[in-house]
Amino acid sequence: PSSAASDVYKRQGMNLETAFKASIDGILITITTIFLTLIAGYFIGKKLGLNKVSTHLISTGTAICGGSAIAAVSPVIKADEKDISVSLAIVFLLNAAALFIFPPLGGFLEMTQHQFGLWAAIAIHDTSSVVGAAGIYGEESLLVASTVKLARALWIIPVVILTAYFFKSESKKIQIPWFIFYFIGAIILATYIPIITEAGQYLVKGSKALMSLTLFLIGSGLSIEKIKSVNPAVFILGIILWTLISTGSLIVILNYY
């Protein structure tokens with residue numbers, strides 16, 4: 001990869017300046033696609049007869065940033081190991097598909113670097129896969145995709161807070177997702193504390209390694225037997241939502257950006 005691509009990848013940690021400097025073009029489509037995906041997921045999941053937990057995990061993962069979003073909402077809605085594992089598996093499979101499908105399709109449609117970067121940030125789940133697909137397409141595409149995706153990931157905060165409200169029991173108080181405030185604190189520290197800023201890339205690498213280990217341990221609890229016992233509608237929901245956000249955002253980007 002180019003040096004610019006490497007630099008962007010190293011900066012996958014967030015700081016306030018990067019997070020809030022997403023292009024103006026990306027803000028409206030980001031907000032719109034997040035909430036339309038969550039709303040569509042709710043109704044489609046209901047139509048498919050899925051429980052609210054599975055529906056919300058898939059919808060949130062598709063709407064924001066894949067595995068990170070699923071990991072963030074899981075403790076709030078008290079998702080069990082199987083629901084989390086299956087949701088992550090669906091998201092990761094679709095991420096893999098996007099890496100092979102998006103760059104050739106973008107070239108076929110003659111998308112500009114800016115258009116493709118925006119599309120990748122909106123329609124591909126995880127940041128690492130966004131970086132991979134956009135990096136293949138070009139340097140400008142990578143910069144646009146990374147910036148928009150980082151800002152998009154910040155929507156984990158309001159979505160988790162809303163999730164805590166809507167999933168509360170009638171007899172219980174709202175469970176405050178305290179880890180979100182730690183998340184905000186980490187962004188502020190990374191922005192204003194020099195030593196943390198300098199060590200940022202190493203902390204990011206370490207956190208990614210721990211995240212990978214966590215996902216591995218979750219996945220180790222998922223067997224072929226458990227997958228076979230999963231309602232096929234869960235996979236159908238994931239594919240439908242990914243298709244909707246991919247095609248819908250593509251049409252808007254090709255016509256208005």
Side-chain angles (χ1 to χ4, degrees), residues 30 33-103 105 119-134 145 149 152-153 155-156 159-160 163 167 208 211-250:
T30 291
T33 51
I34 286 174
F35 285 99
L36 285 181
T37 301
L38 291 173
I39 293 169
Y42 172 79
F43 286 106
I44 295 171
K46 195 172 183 180
K47 189 72 175 177
L48 292 172
L50 292 173
N51 62 64
K52 290 199 300 183
V53 170
S54 294
T55 296
H56 195 64
L57 288 177
I58 295 293
S59 301
T60 306
T62 304
I64 306 177
C65 54
S68 300
I70 291 172
V73 300
S74 293
V76 178
I77 62 179
K78 294 181 171 62
D80 61 31
E81 182 182 286
K82 188 171 86 170
D83 285 330
I84 298 171
S85 299
V86 170
S87 300
L88 289 171
I90 293 171
V91 164
F92 291 154
L93 284 172
L94 294 176
N95 275 332
L99 282 172
F100 290 99
I101 296 171
F102 274 50
L105 184 56
W119 185 42
I122 297 296
I124 301 178
H125 302 80
D126 284 308
T127 304
S128 57
S129 297
V130 170
V131 169
K149 191 65 176 180
R152 189 179 183 83
W155 282 89
I156 290 177
V159 168
V160 169
T163 296
F167 276 77
K208 284 182 178 179
M211 183 66 170
S212 297
L213 176 60
T214 301
L215 296 179
F216 172 79
L217 292 174
I218 292 173
S220 66
L222 186 66
S223 63
I224 298 298
E225 289 71 24
K226 285 185 179 180
I227 291 176
K228 288 180 179 178
S229 70
V230 174
N231 187 341
V234 177
F235 295 95
I236 294 172
L237 175 63
I239 293 170
I240 289 175
L241 288 181
W242 185 58
T243 303
L244 286 176
I245 195 172
S246 298
T247 56
S249 60
L250 177 61

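- No side-chain donor-acceptor contact under 3.5 Å links Trp119 to the backbone of Ala145.
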**Evaluation steps, side chain to side chain contact (heavy atoms under 4.5 Å, CB included), between Lys46 and Thr55** = CA-CA 8 Å; Lys46 195 172 183 180; Thr55 296; over 6 Å; no
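- Screening residues 38-82 for ring pair (Phe, Tyr, Trp, His ring centres under 6.0 Å) gives His56-Phe167 as the qualifying pairs, with residues at least two apart or on separate chains.
- With values rounded to the nearest 0.5 angstrom, Leu88 atom CG is found 11.0 Å from Asp83 atom CG.
- Taking CZ from Arg152 and OG1 from Thr127, the interatomic distance works out to 10.5 Å, rounded to the nearest 0.5 Å.
- Trp242 places a side-chain N or O within donor-acceptor distance of the main-chain N or O of Ala123, the cut-off being under 3.5 Å.
- Residue Leu99 comes nearest to Gly132 through the heavy atom pair CD2-C, 3.8 Å, listed as atom of the first residue, atom of the second, then distance.
- A distance-only check finds a donor-acceptor pair linking the side chain of Lys149 to the backbone of Ile124 [under 3.5 Å].
- Of all heavy-atom pairs spanning Ala72 and Val160, the tightest one is CB-CG2, 3.9 Å.
- Between the CD1 atom in Ile58 and the OG atom in Ser87 there is a gap of 4.0 Å [rounded to 0.5 Å].
- Residues Ala153 and Ile64 come closest through the heavy atom pair CA-CG2, 4.1 Å.
- From Thr30, atom OG1 reaches atom CZ of Phe35 across 11.5 Å, with rounding to the nearest 0.5 Å.
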Which pairs of donor and acceptor atoms, one on a side chain in residues 89-98, lie under 3.5 Å apart (sequence neighbours left out)?
{"residue": "Asn95", "atom": "OD1", "partner": "His125", "partner atom": "N", "Å": "3.3"}
{"residue": "Asn95", "atom": "OD1", "partner": "Asp126", "partner atom": "N", "Å": "3.3"}
{"residue": "Asn95", "atom": "ND2", "partner": "Val91", "partner atom": "O", "Å": "3.4"}
{"residue": "Asn95", "atom": "ND2", "partner": "Asp126", "partner atom": "OD2", "Å": "2.6"}

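- Thr60 contributes atom OG1, which lies 9.5 Å from atom CD1 of Ile156 (distance to the nearest 0.5 angstrom).
- The structure places CG of Asn51 at 9.0 Å from CD1 of Ile77, a figure rounded to the nearest 0.5 Å.
- Of all non-hydrogen atoms in Ser74 and Leu57, the two that sit nearest each other are OG-CD2, 3.5 Å.
- The side-chain contact (heavy atoms from CB on, under 4.5 Å) check on Ile44 picks up Ala40, Leu48, Leu237, Ile240, Leu241, Leu244, with sequence neighbours excluded.
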